[in-house]
Protein chains: 2
Amino acid sequence: MKDILYKYLSRWTSLGEEDQQAIVNEIRVEKLDKGAVLFKQGDVPAACYFILEGCVRQYAIDEDGREVTTNFYTEEQAIAIFNHHKSDKSSEYTFVCVEDSVLVVGDLDQEKDMYDKHPQLEFMTRRMMEENFSKVQAEFAAFIASSPEARVKTLLANRPSLFDRVPQHQLASYLGITPESLSRIKKRIG
Amino acid sequence: MKDILYKYLSRWTSLGEEDQQAIVNEIRVEKLDKGAVLFKQGDVPAACYFILEGCVRQYAIDEDGREVTTNFYTEEQAIAIFNHHKSDKSSEYTFVCVEDSVLVVGDLDQEKDMYDKHPQLEFMTRRMMEENFSKVQAEFAAFIASSPEARVKTLLANRPSLFDRVPQHQLASYLGITPESLSRIKKRIG
DNA sequence: TCCGCGCATTGACTTAAGTCAATGGAGATC
DNA sequence: GATCTCCATTGACTTAAGTCAATGCGCGGA
C-alpha cells in the first residue's frame with residue numbers, strides 16, 4: 001500500500017530512501033468506509049488528505065438547496081487546498097467517500113512541524129498545489145468550451161473508471177447536466 | 001497610481017512603511033497599449049504581472065481552432081500562476097490587453113532574489129495563489145451548476161464593468177455561449 | 001429470502017440555446 | 001468626409017437538453 005507513497009515522494013522530491021522512510025513512518029494512514037465524511041461544508045478542516053485507494057467526492061449545497069458535485073478524487077490525488085482566504089477558513093465543500101477508501105491523513109496543526117523537519121515536503125506541497133491549480137484551470141477552460149455531450153466524451157476518455165465507480169446522478173451533477181441527459185448521451189454515443 | 005500597490009501590500013503583509021517603500025521602489029511598472037500581448041500560448045512566461053489599471057484577457061486556441069476566453073483580469077488582480085507542472089513550462093494561454101493598461105511587471109528570474117530580500121513577499125505570493133485557486137474553484141462550481149442565462153446574471157452582478165469594457169463576443173466565449181445567445185439573454189433579462 | 005426504496009432508464013413534451021443568414025451601426029482608414 | 005470592416009443585433013429554423021412522469025431493475029436491510 002505504502003509503495004504508492006514512495007512512488008509519489010520519488011516523483012516530486014529528491015529525498016534519499018532514509019528520509020522517505022522517516023516521512024512515511026510518521027504518517028497516519030486511515031481506512032474509511034463508503035459514506036464516511038472527511039469534513040462538511042462549513043466545517044474548518046483539521047487535516048489534509050492523500051488518496052492511496054478509493055474515491056472521494058467533493059460537493060456543495062448551493063443557495064437553491066441543490067447538490068452540486070465539483071470533483072472526484074481517486075488514487076494518488078491530494079485533497080489539500082482549502083479556503084485559506086476566507087476569514088473563518090471554513091470549507092465550502094463536503095468531502096465524502098464514494099467507496100471504502102484508504103487515505104493518508106495529515107493533521108494541519110502539525111503541518112509546520114513536518115515542514116520544519118522535512119523542508120522538501122513544503123516544496124512538494126507547493127508543486128502539488130500548482131499542479132492542481134493548472135489542472136482545474138484547464139478543466140474549467142475545457143468545460144466552458146464544450147457541449148454536454150463533448151464533456152461526457154472527454155470524461156469517458158480521461159477517467160473512464162469513474163463511470164463504474166460513481167452513481168450516475170452524481171456524475172451528471174459533476175458534468176453540469178441532468179441524470180436523464182447523461183443517460184441519453186451515453187446511449188447516443190455508446 | 002502606486003497607492004494601489006501600497007494598499008495591496010498592507011492588506012496582505014505586516015510590512016512597515018520603509019519596507020513597503022523599498023519594495024515599491026524596486027518594482028517595474030509598465031504602461032501597455034490596448035492590444036499589447038503579455039505572452040502567447042506556447043511561450044515560456046518571463047514575468048508575472050499585477051494590474052494597476054486596465055484589463056487583460058486570457059484565452060486559448062483549442063484543437064478545433066476556436067478561441068476560448070478563460071478569464072479577464074482587472075484592477076488589483078494578479079497574473080502569476082503558470083504551468084510550472086508542464087515540463088517545458090510553456091503557457092497554455094495568451095494574455096492580451098483589452099484596454100490601455102498599467103501593470104506591475106515582476107521578472108521571474110529575479111523572483112528568488114526578491115523573496116530572499118523580502119521574505120514576506122513569498123508568503124504574500126502563496127496567499128494570492130491560494131486565493132486565486134479558491135476563486136477559480138468556486139467559479140467553476142457555479143458555472144457547472146448554472147444555465148447560460150444564470151451565468152450572465154451572475155456576471156452582471158459580480159463584474160458589471162466587464163460588460164462595458166469588453167467586446168460582447170469575447171464575453172460570450174468567456175460565458176460558454178454564442179454571441180447571438182448573449183445578445184438575446186441580455187434583451188430577455190434587461 | 002423477500003420486500004422496499006433509490007436510482008437508471010425511457011417516453012412525451014417544452015424550452016432555450018445553437019446555427020445560418022441578413023441587416024445595420026460604429027469606429028477606423030484613407 | 002466617404003467607404004470599409006467588424007461586430008452586435010435580429011429573424012427563422014433546428015436541435016439538444018430540461019422537465020415531468022412512468023416503469024422497472026438492483027441493492028441493501030429486515
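By convention in this document, chain letters (A, B, ...) are assigned in the order of the sequence lines, proteins followed by strands, and residues within each chain are numbered from 1. Worth saying up front: this structure is predicted, and the values here are computed from it rather than measured.
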Does [X] put a side-chain nitrogen or oxygen below 4.0 Å from OP1 or OP2 of [N]?
X      : N      : result
B/S181 : C/dA17 : no
A/H169 : C/dG6  : no
B/R188 : C/dA17 : yes
B/K187 : D/dT10 : yes
A/T178 : D/dG18 : yes
A/K186 : C/dA8  : no

* Mark yes or no: A/R57 above the aromatic ring of A/F95, with NZ or CZ under 6.0 Å from the six-membered ring centre and no more than 45 degrees from the axis. =>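 No - A/R57 does not lie over the ring of A/F95 by the 6.0 Å and 45° rule.
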Once you round it to whole Å, what is the distance between [atom2] of [N] and [atom1] of [X]?
X      : N      : atom1 : atom2 : answer
A/I144 : C/dG18 : CD1   : P     : 13 Å
B/K153 : C/dA17 : NZ    : P     : 10 Å
B/L171 : D/dA8  : CG    : P     : 9 Å
B/L182 : D/dT9  : CG    : P     : 7 Å
B/L175 : D/dA8  : CG    : C1'   : 15 Å
A/F163 : C/dA8  : CZ    : C1'   : 14 Å
B/I177 : C/dA16 : CD1   : P     : 14 Å
A/R66  : D/dT19 : CZ    : P     : 8 Å

* To do: May I ask whether A/I27 and A/L15 are part of the same hydrophobic cluster, defined by side-chain heavy atoms of I, L, V, M, F, W, Y residues being less than 4.5 angstrom apart, directly or through others?
  =>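 Yes; tracing contacts between hydrophobic side chains, which count when under 4.5 Å, links both residues.
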* Asked: Hey, is the main chain of A/D113 close enough, under 3.5 Å, to the side chain of A/D116 for a donor-acceptor pair?
  ->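 Judged by distance alone, no pair lies under 3.5 Å.
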* May I ask you to verify whether the side chain of A/Q170 and the base of C/dC7 hold a donor-acceptor pair under 3.5 Å? =>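 No, no donor-acceptor pair under 3.5 Å.
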* Between B/E180 and A/S147, name the one whose nearest nucleotide on DNA chain D is closer to the 5' end. =>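 Per heavy-atom nearest nucleotide, the more 5' residue is B/E180.
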* To do: Nearest-nucleotide wise, let me know which of B/I185 and A/Q168 is further upstream toward the 5' end of DNA chain C.
  =>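 Nearer the 5' end of the strand: A/Q168.
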